[in-house]
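We count residues from 1, following the sequence as given. Every heavy atom of this structure was used, including side-chain atoms; hydrogens, water molecules and symmetry mates were not.
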Amino acid sequence: MGYLSESDQQAVMLAGELQRSMQEWLRSRGVSNTCSVSPYVDSGGQPSVLIKMNSHVAHAMLASFNQNA
């Protein structure tokens, strides 16, 4: 990844780590993985991610958030 800026590289690594963690979390709850994590660098130069998910994943996350509240 030598052609990417440091912020770009950090965003790519962050997105990959988050994608793997979300896949494990979803599998442990019996939800098929239908989400994706995309890296980007925000306007302030900070490594960031975008998460895209379907309604099944969103409902699983909401249920988990409500259990932990």
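- Considering all non-hydrogen atoms of both residues, Leu14 and Pro47 come closest at CD2-O, 4.3 Å.
- Between the side chain of Ser7 and the backbone N or O of Gly45 there is at least one donor-acceptor pair closer than 3.5 Å.
- Of all non-hydrogen atoms in Ser38 and Ala15, the two that sit nearest each other are C-CB, 4.1 Å.
- In the hydrophobic clustering, where aliphatic and aromatic side chains (Ile, Leu, Val, Met, Phe, Trp, Tyr) are joined below 4.5 Å either directly or transitively, Leu50 groups with Tyr40.
- Within the 3.5 Å criterion, the main-chain N or O of Gln46 finds a donor-acceptor partner in the side chain of Ser48.
- Here the closest non-hydrogen pair linking Ala60 and Val31 is CB-CG2, 3.8 Å.
- Looking only at distances, a side-chain donor or acceptor of Gln9 sits under 3.5 Å from a matching main-chain atom of Leu4.
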Going by atom type alone, with no hydrogens or angles, which donor-acceptor pairs under 3.5 Å involve a side-chain atom of residues 51-59 and a protein atom two or more places apart or on another chain?
unit_1	atom_1	unit_2	atom_2	d
Asn54	OD1	Thr34	OG1	3.0
Asn54	OD1	His56	N	3.0
Asn54	OD1	Val57	N	3.0
Asn54	ND2	Thr34	OG1	2.6

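- For the atom pair CG (Leu26) and OG (Ser32), the distance works out to 8.0 Å, reported to the nearest 0.5 Å.
- The side-chain hydrogen bond (donor to acceptor under 3.5 Å, both in side chains) pairs that include a residue from residues 14-23 number zero, where partners must be two or more places apart or lie in different chains.
- Under a hydrophobic clustering in which Ile, Leu, Val, Met, Phe, Trp and Tyr are joined whenever their side-chain heavy atoms come within less than 4.5 Å, directly or via other members, Val41 and Leu18 fall into different clusters.
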